[in-house]
Amino acid sequence: MLRWHSRPRPPRLLGVLGLLSALLLTTGGPAAAAKPAPRPATGPGTNHATDDPFTADRTSWWRQDRFGMFIHFGAYSNLEGEYTRPDGTVCRDAEWIKRECKIPNDAYEKQAATFNPADFDAKAIVRAAKDAGQRYIVITSKHHDGYAMWPTKQNSWNLRDHSAFDPHRDILAELKRAADAAGIKLGFYYSIWDWHDPDFADPATFPRYKKRMYAQLKELVDNYDPALLWFDGEWDAVDPVNTWSRKDGAELQTYLHALNPELIVNNRVGKRGVVDGDFGTPEQEIPAAPVDGQLWESCMTLNDHWGFARYDTHWKSPATIVRNLLDIASRGGNYLLNVGPDKRGRVPQPSVDRLREAGRWLRAHGQGDAVYGAGYTGLVATPSWGAVARRGNDLYASVTAWPAAGRPLHLTAREAFTITSARVLGSGQRVTVTPAGDGFDLTPSGAATGPVASVIRLTVKPPAAAPPGTGRGLTARSWANDTFTGPPAVTTVDPTVNKSYRFDGSPDPSIPAEHFSTRWTGSIQPRFSETYTLTTVSDDTVRLWIDGRLVIDSATPHGPQTDKGTVTLTAGHRHDIRIDYTQQTGEAYMKLFWSSPSQSQQIVPRRQLYAG
Ligand code: FHN
């Protein structure tokens, strides 16, 4: 049993003055009037999928902004990456230093009591993010060591009650005010895994920990109004044992969206799955292609540590930062790049300098258009010489290997389209565009515009599109059994096939959460005459036919998974579609996405689906 700290503080018996000071000192102004949290919808008939993160207004800013600043800052920062043991040996780590250096609890608490980030300058941090072109910030509110960076009322292991810091300050409130003033979104990282709370480690007392965790998250949402919650520490672990489950994640998502339906949440709220939260979180890596069935954000360190480590000078170059960002944006992802402030709260100058250089490239010649609001284009294949992102009817070819004089850059087209103009951003040089083989040859007539990357903006005439459809959705027949047996219990018209039933939901209040099935029928109407990729996210089974041909056959019961099939469709034509879906036990999901060279990945929209 981990008994690291005095048990969480019981509600303080505050006198009037104490209560008044507590109200005045709470973050973000007077404490929100106590109001009962709205009761989240659960139970049979509930579908927890309220929108398509790929197209929802709720996620629009996140999908446009592309580039964010991660900040790892906590009690561990006070050690600056080094701990000298009583025997004089030195142990090194950053945010894991308590664990990796086996620091005794009392020694870690003793050092935390000296933590005084007096030089934490929220305005300077926000300015550094803006100078870098980072349009949102995610700061650790509580890492695995359990130390809260705001004046939580749930325990005394926090920056207000256990530090040498000015008790009248609140760095999260300061950062919120500075971010709002600068038009930058603010999110909070929150570790589920908690090395400090004595109730975390024991399954018997874990519910008490969860109660405090929910209360802390409510404090963060109510007092700071974050745009995003970035969970971590969801994995199965020992010392302390981490019993966080998929069901815990499902319940927490429901709770959070009852607090604020606009919140964006990452997939580590659950167990880092395709159905958890709004986006996937590859770490220290860049996926080779768009991720099926989920938005994604690649998070990385700027050196080799998340938290501050005074000896770590292995900084990424501005060129690496920009090229990573271009690759990520061209595959439809976001880039969350980290800084680790030192024990005084200062962001290391080498971080600020490199980020500023990256921002300078983004601001030069409008090159940021290759990132902000840009995304994956299925029209062309990823070239060997750089990355290509699409933004409306412009393709941004970011060239990191400029060709020798007179030599072409080849672009492989996946679908017939025409290029109506080509211009190197920041240069007046002519670019010759020649149809060649399976695409085009782009031949510049001058030099690269710089050592990092040169951007050629190609304005294209995309493949013809049929007008938007007038559909209202597919006919959905659901049975209270998983064999489609007997007359359907309920028949509806579903605007989309976008179902997150999780553990408690079902198609109708009359249908239990387990052992049910749904058959969707009707027609699907593409806007382009192209080869479409249909992607399902399902649990437990799915089979999908187009015009009577079986395109997806995933009939072996499974957990949440993606399956894909391709089919050539004709613009404006209504192709028959049938989907047979079964839920047996446990979680239940069924989502239908499509994509094509001209269509980025999305839940198939209502207007392109017709009942039948
Ligand atoms: O253990 C943490 C680590 O300290 C850091 O916070 C990263 C950032 O995403 N997440 C976990 C490792 O995956």
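Indexing begins at 1, ligand by ligand and atom by atom, following the structure's order.
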I'd like to check the side-chain hydrogen bond (donor to acceptor under 3.5 Å, both in side chains) partners of T84; sequence neighbours left out, ordered by chain and number.
none

Disulfide bond (SG atoms under 2.5 Å apart) involving C299 - partner list, sequence neighbours excluded
none

Chain-and-number sorted residues having a heavy-atom contact under 4.0 Å with ligand 1 are F70, H72, E95, W96, H143, H144, Y189, W230, D232, W235, R268, E283, C299, W306

Does a salt bridge link R272 with D276, judged by any charged N lying under 4.0 Å from a carboxylate O?
no

Please identify which of these residues, H305, H196, H144, H143, meets the ring pair (Phe, Tyr, Trp, His ring centres under 6.0 Å) condition with Y76.
H143

So which pairs with a foot in residues 337-346 pass side-chain hydrogen bond (donor to acceptor under 3.5 Å, both in side chains), sequence neighbours left out?
H72-N338, D119-R344, D342-R346

Which pair of non-hydrogen atoms, one from W315 and one from R354, has the smallest distance, and what is that distance?
CB-NE, 3.2 Å

